[in-house]
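Below: the structure, in structure tokens.
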Amino acid sequence: MNVLFVCTGNICRSPMAEAIAKEMAGDLDMAFGSAGLYAMDGACASPNAVEAAMAFGADVRDHRARQLDPEVAGWADRI
């Protein structure tokens, strides 16, 4: 199952949700992604998101924002 988390800019909430879900899913046959309604493609996760995700054992330092589009949405089984 492919799960897509969506927020506004894809630099805080949705990348943190994606990373934390990956950590929690372990060996389950699931894939996670994230996108933003008004994302600036390629933007880094905010410093506060990096710090908050690390508190949950997740890492968003390499995250790059992407805009929600039909291709990204089509990948997901659940949004």
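Residue indices begin at 1 and follow the sequence shown.
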Just verifying a value: how many Å separate L37 CG and C7 SG, rounded to the nearest 0.5 Å?
8.0 Å
Could you go through L68 and L4, starting from their C-alpha distance and side-chain angles, then the distance that decides it, and tell me whether this counts as side chain to side chain contact (heavy atoms under 4.5 Å, CB included)?
CA-CA 10 Å; L68 179 64; L4 181 67; 3.8 Å; yes
So for atom CZ, which belongs to R64, do other residues, nucleotides or ligands contribute more than 12 heavy atoms lying within a distance under 6.0 Å?
yes
For a quick test of reading the model, state the closest non-hydrogen atom pair linking D69 to V72 and the distance between them.
OD1-N, 2.8 Å
Can you see which heavy atom on R61 is nearest to which on V50, and at what distance?
CG-CG1, 3.5 Å
Heavy-atom pair of closest approach, residues R66 and A39
O-CB, 3.3 Å
Within 6.0 Å of CE in M54, more than 12 heavy atoms from elsewhere:
yes
Run the side chain to side chain contact (heavy atoms under 4.5 Å, CB included) check on T8 and R13 step by step: do they pass?
CA-CA 8 Å; T8 305; R13 294 164 292 189; 3.4 Å; yes
Taking every heavy atom of I11 against every heavy atom of A43, the minimum-distance pair comes out as CG2-CB, 4.0 Å
Can you tell me how far CE of M24 sits from CE of M30, rounded to the nearest 0.5 angstrom?
10.5 Å
Enumerate the residue pairs fulfilling salt bridge (charged side-chain N to carboxylate O under 4.0 Å, His left out) with a member in residues 70-79, sequence neighbours excluded, ordered by first and then second residue.
none
Here the pair of heavy atoms bringing A19 nearest to D59 is CB-O, 4.1 Å
Look at atom CD of E23 and say whether more than 12 heavy atoms of other residues, nucleotides or ligands are closer to it than 6.0 Å.
yes
What distance separates Q67 CD from Y38 OH, expressed to the nearest 0.5 Å?
9.0 Å
Work out which heavy atom in W75 is nearest to a heavy atom in F32; give both atom names and the distance.
CH2-C, 3.7 Å
For N10 and S34, what are the C-alpha separation, side-chain angles and deciding distance, and is it a side chain to side chain contact (heavy atoms under 4.5 Å, CB included)?
CA-CA 7 Å; N10 193 222; S34 65; 2.9 Å; yes
